[in-house]
Amino acid sequence: QVQLVESGGGSVQAGGSLRLSCAASGYTYNMGWFRQAPGKEREGVAAMYTRSGLTFYVDSVKGRFTISQDVAKKTVYLQMNSLKPEDTAMYYCAANRDAGGWHQARYWKSWGQGIQVTVSS
């Protein structure tokens, strides 16, 4: 089981930026970021294959969010720009998915504890 630790959340005004980090212990072959707002299902935000660097994004964040990695540090980042109030949610890092679509939370094996992102208008 891979241990994941997120950092970098917080509160920001609309239009601002935040960068989330997810440090992994153990082997990862793909990693993703999800978010969950109160009363809503967990939503896939972005994912990447750590070996190839191939990335995926949900339509609502394309052009605003970027997922990247530092292989040496075993850390994945989510750079979030032009934040909107609707981006407000608990954000979770996930690792290692063997099946299903990248946006489907139930197929990911390991999860971080979550970190809050709040965007005010």
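Every heavy atom of this structure was used, including side-chain atoms; hydrogens, water molecules and symmetry mates were not.
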What do the steps show when you test S17 against N81 for side-chain hydrogen bond (donor to acceptor under 3.5 Å, both in side chains), and what is the final call? CA-CA 4 Å; S17 298; N81 299 328; 2.9 Å; yes
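There is a path of hydrophobic side-chain contacts, each under 4.5 Å, that joins Y91 to V2.
Here the CE atom belonging to M31 is positioned 9.0 Å from the OG atom belonging to S110, to the nearest 0.5 angstrom.
Panel note: side chain S52, backbone L54; a donor-acceptor pair is recorded below 3.5 Å. Under a 3.5 Å cut-off, the side chain of S121 and the backbone N or O of P85 do not form any donor-acceptor pair. At distances below 3.5 Å, at least one donor-acceptor pair connects side-chain atoms of T88 with backbone N or O atoms of V119. Between the side chain of E6 and the main chain of G114, a donor-acceptor pair closer than 3.5 Å is present. At distances below 3.5 Å, not a single donor-acceptor pair connects side-chain atoms of R42 with backbone N or O atoms of Q36.
Annotation: ring-ring contact (aromatic ring centres under 6.0 Å, His included) contacts involving residues 4-23, sequence neighbours excluded, are absent. Listed by first and then second residue, the ring-ring contact (aromatic ring centres under 6.0 Å, His included) pairs that reach into residues 5-52 are Y27-Y29, F34-W108, F34-W111, Y49-F56, sequence neighbours excluded.
Between D87 and K84, none of the side-chain N atoms (NZ, or NE/NH1/NH2) sits under 4.0 Å from a carboxylate O, so this pair counts as no salt bridge.
In this structure, the side chains of L18 and V117 come closer than 4.5 Å at one or more pairs of heavy atoms. Within the 4.5 Å cutoff, side-chain heavy atoms of S60 are placed close to those of E43. The shortest side-chain heavy-atom distance between L20 and M80 falls under the 4.5 Å cut-off.
At least one cation-pi condition fails for R35 and Y92: the charged atom is not both under 6.0 angstrom from the six-membered ring centre and inside a 45 degree cone around its axis.
Scanning all heavy atoms of the two residues, the minimum distance from L4 to C93 falls at CD1-O, 3.6 Å.
Listed by chain and residue number, nothing satisfies the salt bridge (charged side-chain N to carboxylate O under 4.0 Å, His left out) test with R19 (two or more places apart in sequence, or in another chain).
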